[in-house]
Each structure stands twice: as C-alpha cells, then as structure tokens.
Amino acid sequence: MKILFLFCDMLRANKLKVVNNNINVYTKIDKWFLNFGGTIYQNCYTPAPDTPRSMACLYSGYYPKTNGCINRIEWPKYYLNNKIKNIFDLFNDKNFTIYSNFQEDEISTGILPRNAKVKNFKTLYEILYGIPKDNKDNQLIFINIPDYHTCVDDYYAMPIAAKIAYKKIVNSFNEIFNYFHKDYFDYSFIFSDHGCIHSDDKKIDYPLRLLDDNRSKIYLQMRKKEENTIKYQKNICSIMDIFPTLMDILKYPNSLSMDGKSLFKTIENRFLIFEDQSQFPPGLGGYHDIWAYIDKNYFYFESLDDSKLYKNNRGKTNLILQNETVKNSNIINNIREILLNKSSS
C-alpha cells in the first residue's frame, strides 16, 4: 500500500474556483487539481485554524478538547494526548515506512508527535530521490509544501502572494509527479491546515468573522488509484476525517467516539465547531475568546461580547438574526450547548 500526503500549508480554499462556485476564474492551481482526478471536498473545515492545533486534529481525529493541543502554541510533539491513538499508531501497526521533508526547525518546534517514526529529508528534491520507488513495502510519503504560507509572509498578505504561491506549488506538484506516476499511490490526499486573511479582505464583524471561511475552510482532495475524473462532494467534512478514512482503507478498527468521520460515509446532520483567540500573534497566557458552529443550514459566530447567526444559502451566508434576538432563540440555545460540550473553553 502506497499513500501520499501533499500538505499545502495555509492554502486558502475559498479563493479557488474548484471549491468556491462564486469565483469566476480557474487559477493555475485549480486547473492542476482538475487534471489530477479524485474527489474535491467543497465544504471542508478545520476546528482550529492554525498549524499546531489543526495538525493535531489531523493526527488524532478529535477536537482540541480531546486531543490535547488546545492553544496555538501547543504543538503535537509536546501536547498531543498520548492516551488516544493517533495516525502514526495506525501506520506503525500496519508496518508502514514513513517519509517526510519537514524543516529541522519545524521538527524541533514539534510539528510531528513523539511516536512518529519518520525518515525525514530536508528538501523536496532529497525526499523524492531518497525514496526507493519500486519498494514493495507499505509507504506513507508525507510531503510538506510551505510555499503559500511563505508567499503570504513575504508579500505581506497582498493578493499577488496567492498568484505567486500557486505557481510555486504547481511547480512542486509537477516535480513530484515527474518522478512518481500518480498511480504509484493507492490513495493520495491533498490538504491544507487552515486559510488566512488577505490584505484586501473586508474587515467586517471583527473579531467574530476571524473564524469564517477565510481561515477555517481548508482544501481537501482525495484520489484513489486510476481515478482520473473529478467528483465534487458538498457535505460538511473536516481535517479530522482523514484519520478515520485511512482506518477504513487499511481495515483498522475505527472508534465510534472519534469526532472525525470517514469520508466514505455520509453523515446526516453533520456539524462542526471552531474556537480560537482573536489576538495575534500567539503567546503565553492566550485564551479563546471566539467560537463558531456550522451545519448545512447555519453558520454561527460568538465572541465574549457579541454573536451573529447566518443562514447558508448556495455558498453564501446571510445574516438572519441580531444580538439580543439571537441570544434568546432556540436555535442559538442548541448551538451554544454543543459549543459548551465540544469546545475546550
């Protein structure tokens, strides 16, 4: 079994036409995704829109409250709950050899959990040409592509950053698949961990909207070997769902208590919750002061001082209730109960 992870750090999904039908133009990276094949998940989210917590959700299949990485500075190496199985336990139990290309500072900061037995290379070139391509062993190739995040930093989040990043990411994709045929892999997962805010985004309803699609929606595409056409999946899903999906692929016992759900299953009435702090950058003493909830009908935001409920309508959200009316509605009471049970604070 050969599995590929293409991790595109910070790639903002709602700026892509393959995800957002309200975008008019297919970008360079849109066209590449369409050509790759598989299923594109148009409503995929992270409960925690930053790298430490979102990767912990990927590794564990649980919300931060359970997986242990609650705040932005709590990296998986040091805070991931070792009392629950994580994705590396799965690969270890199934005798996978794992290859990655994280930078040394990322490794030392803690992007991988302690039990991750990984053969790490420093560059994309080294990982590609350091892997035995015809090896019959089980392999997970976990490729980190940081170009979007780097470009957003380098160009101060201006719109041109995304255009430059798309070109760099596509160049990396092409280099990967010039070496590996895409059908070398039984399953390929392309995903981001969170989005971001661009300099031209409208600053409305701050800090409530810090948890909207700009930051919380992620890119996810899954391809099975020999899938060369594109399917779209509109149901709500999460980065937490990759782990239980792999459990199904590898015929591994799946815990029904997991917050993540296999992408092979249709979950009726699926909802997700998000939590974060409104102050940037992260630091000691940070605490959550914004929360959100989404299902197929509603997108709800709450801060310590305000709350707003939006109705989902064909990819757009329309404000339907205001302040005091929201606080007294049955809909909001039900949502708040879910937030209380699922969030860490």
Side-chain angles (χ1 to χ4, degrees), residues 1-8 36-41 44-48 53-63 66-67 69 76 80-102 111-119 127 131 135-145 176 180 182-193 218-227 231 233 235-267 270 272:
M1 177 73 74
K2 305 290 189 293
I3 294 174
L4 175 67
F5 280 2
L6 291 181
F7 165 42
C8 302
F36 189 63
T39 301
I40 295 173
Y41 296 85
C44 193
Y45 291 86
T46 175
R53 295 185 300 145
S54 190
M55 296 303 276
C57 292
L58 164 70
Y59 298 153
S60 68
Y62 284 97
Y63 284 116
T66 302
N67 72 43
C69 296
L80 192 66
N81 186 349
N82 60 15
K83 294 181 181 179
I84 59 175
K85 280 189 175 291
N86 65 56
I87 204 167
F88 293 97
D89 292 312
L90 167 64
F91 288 121
N92 290 341
D93 290 349
K94 291 295 184 176
N95 298 313
F96 270 73
T97 302
I98 304 172
Y99 304 90
S100 68
N101 67 320
F102 289 103
I111 196 166
L112 295 172
R114 290 184 183 276
N115 71 319
K117 299 175 182 177
V118 173
K119 295 183 178 181
I127 189 174
I131 295 173
N135 195 316
K136 295 182 180 180
D137 292 343
N138 292 333
Q139 294 177 331
L140 168 66
I141 301 176
F142 192 160
I143 295 180
N144 173 33
I145 301 176
I176 292 165
F180 290 107
K182 61 183 179 181
D183 285 333
Y184 177 79
F185 301 99
D186 296 280
Y187 283 90
S188 300
F189 295 83
I190 306 173
F191 62 93
S192 59
D193 54 344
I218 67 167
Y219 188 77
L220 177 60
Q221 181 170 350
M222 178 176 70
R223 179 186 186 272
K224 185 179 180 180
K225 181 186 289 189
E226 298 181 350
E227 283 185 344
K231 300 175 184 176
Q233 176 56 257
N235 292 340
I236 290 173
C237 62
S238 170
I239 195 170
M240 298 183 293
D241 299 346
I242 294 175
F243 186 8
T245 302
L246 286 166
M247 287 178 161
D248 283 352
I249 290 170
L250 298 176
K251 298 178 172 56
Y252 196 86
N254 191 333
S255 172
L256 296 178
S257 68
M258 292 179 75
D259 297 310
K261 308 300 178 185
S262 173
L263 295 168
F264 297 122
K265 297 179 174 63
T266 300
I267 308 299
R270 182 80 185 272
L272 296 169

ask   = What is the distance from atom NZ of Lys265 to atom CG of Asn235, rounded to the nearest 0.5 Å?
value = 14.5 Å
Atom pair CG/OG of Leu80 and Ser60 - distance to nearest 0.5 Å = 6.0 Å
task = Could you tell me whether the side chain of Ser100 reaches within less than 4.5 Å of the side chain of Asn144, counting heavy atoms only?
result = no
inquiry  = Does any part of the side chain of Arg223, heavy atoms only, come nearer than 4.5 Å to the side chain of Asp183, both counted from C-beta?
reply    = yes
query = Quick one: are Asn138 and Leu250 in side-chain contact, heavy atoms under 4.5 Å?
reply = no
ask   = Shortest non-hydrogen contact from Val118 to Leu112?
value = CG2-CD1, 4.2 Å
task = Please report the closest heavy-atom contact between Lys225 and Phe185, naming both atoms and the distance.
result = CB-O, 3.5 Å
Least distance between heavy atoms, Phe88 atom then Phe142 atom = CZ-CE1, 4.4 Å
task = Would you indicate whether the side-chain heavy atoms of Leu4 and Ile143 approach each other to under 4.5 Å?
result = yes
key: Minimum heavy-atom distance Gly61-Met258, with the two atoms named   = CA-CE, 3.6 Å
request  = Apply the test ring pair (Phe, Tyr, Trp, His ring centres under 6.0 Å) to residues Phe191 and Phe7: give CA-CA distance (whole Å), side-chain angles for both, the deciding distance (0.1 Å), then the verdict.
outcome  = CA-CA 5 Å; Phe191 62 93; Phe7 165 42; 5.6 Å; yes
query = Looking only at heavy atoms, what is the nearest atom pair of Ile239 and Ser192, with distance?
reply = CD1-O, 3.8 Å
message = Any side-chain to backbone donor/acceptor pair from Asp259 onto Tyr63? Under 3.5 Å, distance only.
response = yes
query = If you take all heavy atoms of Tyr62 and Asn67, which pair is closest and at what distance?
reply = O-ND2, 2.9 Å
task = May I ask you to test the Ile131-Gln139 pair for a side-chain heavy-atom distance under 4.5 Å?
result = yes
inquiry  = Distance alone, cut at 3.5 Å: any donor-acceptor contact between the side chains of Thr97 and Asp137?
reply    = no
query = To the nearest 0.5 Å, how far apart are CE in Met240 and OH in Tyr59?
reply = 16.0 Å
request  = For residues Pro47 and Leu272, determine if any side-chain heavy atom of one lies less than 4.5 Å from a side-chain heavy atom of the other.
outcome  = no
query = What distance separates Gln233 CD from Ile40 CD1, expressed to the nearest 0.5 Å?
reply = 12.0 Å
request  = Please list all pairs passing the side-chain hydrogen bond (donor to acceptor under 3.5 Å, both in side chains) test where one or both residues lie in residues 236-246, with sequence neighbours left out.
outcome  = Asp241-Arg270
inquiry  = To the nearest 0.5 Å, what is the distance between CD1 on Ile141 and CD1 on Ile176?
reply    = 9.5 Å
ask   = Taking the side chain as C-beta and beyond, is there a heavy-atom pair between Leu246 and Tyr187 under 4.5 Å?
value = no
query = Side chains of Ser188 and Phe36: closer than 4.5 Å at any heavy-atom pair?
reply = yes
message = Ring-plane angle category for Phe91 and Phe5, please: parallel below 30°, perpendicular beyond 60°, tilted otherwise.
response = perpendicular
ask   = In Å and rounded to the nearest 0.5 Å, what is the CZ to CE distance from Phe189 to Met222?
value = 5.5 Å
task = Could you tell me which residues satisfy side-chain contact (heavy atoms from CB on, under 4.5 Å) with Asn92, sequence neighbours excluded, listed by chain and number?
result = Asn115, Lys117
